[in-house]
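In each ligand, atom 1 is the first atom listed, and ligand 1 is the first ligand listed.
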Amino acid sequence: MYLRTFCRLFSAMAGPRPVVLTGPSGAGKSTLLKRLLKEFEGVFGFSVSHTTRRPRPGEENGKDYHYVSREAMEAGIASGDFIENAEFSGNMYGTSKAAVQEVQAKNLICVLDIDMQGVINIKKTDLNPIYISIQPPSMEVLEKRLRDRKTESEESLQKRLKTAAKDMELSKKPGLFHEVIINDDLEDAYRKLKGVLAEVRRLALLCSFYKCPQLLATVTRRHRAPFTLVSANQDHRVWIRCLVMIRQLMLSVTRVPFLSCKQEILKVQKS
Ligand SMILES: Nc1nc2c(ncn2[C@@H]2O[C@H](COP(=O)(O)OP(=O)(O)O)[C@@H](O)[C@H]2O)c(=O)[nH]1
Ligand SMILES: Nc1ncnc2c1ncn2[C@@H]1O[C@H](COP(=O)(O)OP(=O)(O)O)[C@@H](O)[C@H]1O
């Protein structure tokens, strides 16, 4: 019990864990991610990758991707600007250090949408994300979704299906992901995704307490916590840490939910 509490506190102090979403092209990653970013605006932030592929209608430079030439991308990789990069279906993709830092600087949980090669490469870094694989119910459904999306040429579609078959096989390796979500019914898949991310959000809130004493003061006052914080200036950081630790310990002893007021906290955080 104490070990669990210690681990939770330690992770909280290290900052919110990033989240990696992966899975075959057409599995529904972007659909789920867009919904998540909209519902939890101010909680999750998207790591905008670089790519050499052309923008699709409706996609925005700097929002969906940073669209760059192969030369620019290769130069960036050579300069060490990227955490990882991969070649996918004839185009280059990569996560820049700046993309992740930009999200983390806003104190948001960084979400990456990357392919299987990216997962393998990120595992060699110290990013330490939560890995979630989004899988289609079958290859037939995947093909139908990709065709219906009408974004790919026949050649690009075939390449994606071939890679998908390979990646789906690789994905069966035990221990590769923290969670595998089969995206059959969208509502069901989204509910599962939110469930998996609940703990990540809880720890992120704890982190935000450390970084924002004012917020903690507001929260404790609002919810008549047993410990009252009178002042919230920077000099009281140490006391705030102690307070959070005591409350966490109380949670493990009394089983009273530490963050039962999650939604209110989010509202305070936004305002
Ligand atoms: N390794 C890596 N893969 C990425 C990155 N950005 C996107 N991808 C992956 O590249 C693949 C193709 O992405 P995209 O061209 O947007 O097509 P879509 O996934 O079919 O919508 C997907 O599997 C993405 O997850 C990145 O920065 N690194
Ligand atoms: N559960 C689902 N049921 C039916 N269609 C879906 C579902 N999830 C996603 N789609 C559709 O499938 C297509 C591929 O989804 P998308 O999010 O673009 O996949 P990815 O980002 O993994 O390539 C999109 O047209 C999307 O609207």
Review point. Is D148 near ligand 2, meaning one of its heavy atoms is under 4.0 Å from it?
Key: no

Exercise for review: For R53, counting its heavy atoms only, list the atoms of ligand 1 lying under 4.0 Å from any of them.
Suggested key: 14 (P), 15 (O), 16 (O)

**Study point:** Carboxylate-amine/guanidinium proximity below 4.0 Å for R147 and E154
**Key:** yes

Practice item. Output the list of atoms in ligand 1 that are nearer than 4.0 Å to some heavy atom of A86, sorted by atom number. Key: 1 (N)

Check your understanding: Judged by modelled atom types alone, do R149 and T151 share a side-chain donor-acceptor pair under 3.5 Å?
Key -> yes

Check your understanding: Quick one: nearest non-hydrogen protein atom to atom 24 (C) of ligand 2, plus distance?
Key -> R149 CD, 4.0 Å

Check your understanding: Tell me, which protein residue and heavy-atom name are nearest atom 11 (C) of ligand 2, and how many Å apart are they?
Key -> R145 CD, 4.2 Å

Practice item. Using distance alone, decide if ligand 2 has a nitrogen or oxygen within less than 3.5 Å of any nitrogen or oxygen in D185. Key: no

Review point. Which residue and non-hydrogen atom of the protein lie closest to atom 23 (O) of ligand 2, and at what distance in Å?
Key: G26 N, 2.7 Å

Practice item. For G118, counting its heavy atoms only, list the atoms of ligand 1 lying under 4.0 Å from any of them. Key: 1 (N)

Point to revise | Protein heavy-atom partner closest to atom 8 (N) of ligand 2 - residue, atom, separation in Å | key: N183 ND2, 3.0 Å

Revision key, fill the gap. Among non-hydrogen protein atoms, atom 21 (O) of ligand 2 lies closest to S30 OG, 2.5 Å

Exercise for review: Go through the side-chain N and O atoms of R160 and S156 and say whether any donor and acceptor fall under 3.5 Å apart.
Suggested key: yes

Check your understanding: Quick one: which ligand 1 atoms are inside 4.0 Å of a heavy atom on D113?
Key -> 4 (C), 5 (C), 6 (N), 7 (C), 8 (N), 24 (C), 25 (O)

Check your understanding: Among protein heavy atoms, which sits nearest to atom 27 (O) of ligand 1, and what does the distance come to when rounded to 0.1 Å?
Key -> S49 OG, 2.6 Å

Review point. Any idea which of F82, Y65, F88 brings a heavy atom closest to atom 13 (O) of ligand 1?
Key: Y65

Check your understanding: Which residue holds the protein heavy atom closest to atom 23 (O) of ligand 1, what is that atom called, and what is the gap in Å?
Key -> D115 CB, 3.7 Å

Check your understanding: What protein heavy atom sits nearest atom 20 (O) of ligand 1, and how far off is it?
Key -> S25 OG, 2.5 Å

Point to revise | Identity and separation of the nearest protein heavy atom to atom 19 (O) of ligand 2 | key: G28 N, 3.0 Å

Review point. For atom 28 (N) of ligand 1, what's the nearest protein heavy atom and its distance?
Key: E84 OE2, 2.7 Å

Check your understanding: Which protein heavy atom lies closest to atom 27 (O) of ligand 2, and at what distance to 0.1 Å?
Key -> T31 OG1, 4.0 Å

Review point. Do E155 and S153 get their side chains close enough for a donor-acceptor pair, meaning under 3.5 Å?
Key: no

Point to revise | ligand 1 atoms in contact with R149 (distance to a heavy atom under 4.0 Å) | key: 18 (P), 20 (O), 21 (O)

Point to revise | Electrostatic pair E59:R54 at N-O distance under 4.0 angstrom | key: no

Practice item. Please state whether the rings of H178 and Y131 are parallel, tilted or perpendicular, taking 30° and 60° as the class boundaries. Key: parallel

